[in-house]
Amino acid sequence: MSAKLSTSAHKVQKALETLGLECQVVEMAKTTRSAKDAAQAVGCRVEQIVKSLVFKGKHSQKAILVVASGVNRVNEKKLAEFVAEPVEMPDADFVRQKTGFAIGGVPPIGHPNPLETFIDEDLLKYSIIWAAAGNPRAVFKLTPSDLQKITGGRVVSIK
Ligand code: 5CA
């Protein structure tokens with residue numbers, strides 16, 4: 001952990017403050033690039049890691065954010081029903097363009113423009129969850145209700 005945050009992590013810390021959350025972004029000594037890595041680094045269950053996954057509407061080309069429990073695979077058919085169009089996994093450039101962050105560090109907030117967001121209902125089972133904070137070593141701890149508040153996301157069954 002470091003007191004001085006990198007530029008990308010600092011951007012997330014500022015976004016949290018703007019949203020009125022007292023969460024602290026921490027940069028770990030070990031990688032948090034994948035949900036499994038993040039769980040090992042912070043010492044929690046993989047289920048408690050918030051994966052911020054970007055999908056693309058095949059017709060609209062718009063970005064859709066799904067924040068999912070670290071162990072769950074998003075069911076694209078269910079997501080397609082929610083957004084009323086087929087969806088696909090975009091390439092890394094699209095993710096960076098729409099979120100302002102690179103894969104492995106995409107946070108659930110702090111994007112250039114707010115993204116339509118769906119929250120995996122399984123995340124609500126835990127009192128504490130951890131999300132990526134801008135780069136593949138940065139994370140922050142929050143509650144599921146904080147996650148709902150800061151993303152304005154719709155809680156759904158998505159796996
Ligand atoms: N920092 C960790 C834990 S919070 C993290 O960001 N995990 S993640 O699951 O949210 O981000 C990695 C995800 O990015 C993968 O699950 C995968 O869905 C996506 N991804 C990885 N590589 C690519 C790629 N080449 N193109 C598009 N998406 C990718």
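Numbering of ligands and ligand atoms starts at 1, following listing order. All values reported here derive from a predicted model rather than from experimental measurement.
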K.L.:
Can you get from Leu123 to Leu115 by hopping between Ile, Leu, Val, Met, Phe, Trp and Tyr side chains that sit under 4.5 Å apart?
P.N.:
yes

K.L.:
Can you list the other members of the hydrophobic cluster that holds Val71, where links are side-chain heavy atoms under 4.5 angstrom apart?
P.N.:
Val46

K.L.:
Over 60° means perpendicular and under 30° means parallel, so tell me whether His111 and Phe101 are parallel, tilted or perpendicular.
P.N.:
perpendicular

K.L.:
Are there any N/O pairs under 3.5 Å between ligand 1 and the protein, and if so, what are their distances?
P.N.:
unit_1   : atom_1 : unit_2 : atom_2 : d
ligand 1 : 1 (N)  : Thr32  : O      : 2.5
ligand 1 : 1 (N)  : Arg33  : O      : 3.4
ligand 1 : 1 (N)  : Gly104 : O      : 2.8
ligand 1 : 6 (O)  : Gly104 : O      : 3.3
ligand 1 : 10 (O) : Ser52  : N      : 3.1

K.L.:
Does some side-chain heavy atom of Asn135 sit less than 4.5 Å from a side-chain heavy atom of Glu27?
P.N.:
yes

K.L.:
In plain terms, say whether Lys125 and Asp122 are close enough for a salt bridge, that is, a side-chain N and a carboxylate O under 4.0 Å apart.
P.N.:
yes

K.L.:
List the steps, then state whether side-chain contact (heavy atoms from CB on, under 4.5 Å) holds for Asp146 with Ile129.
P.N.:
CA-CA 10 Å; Asp146 287 338; Ile129 52 182; over 6 Å; no

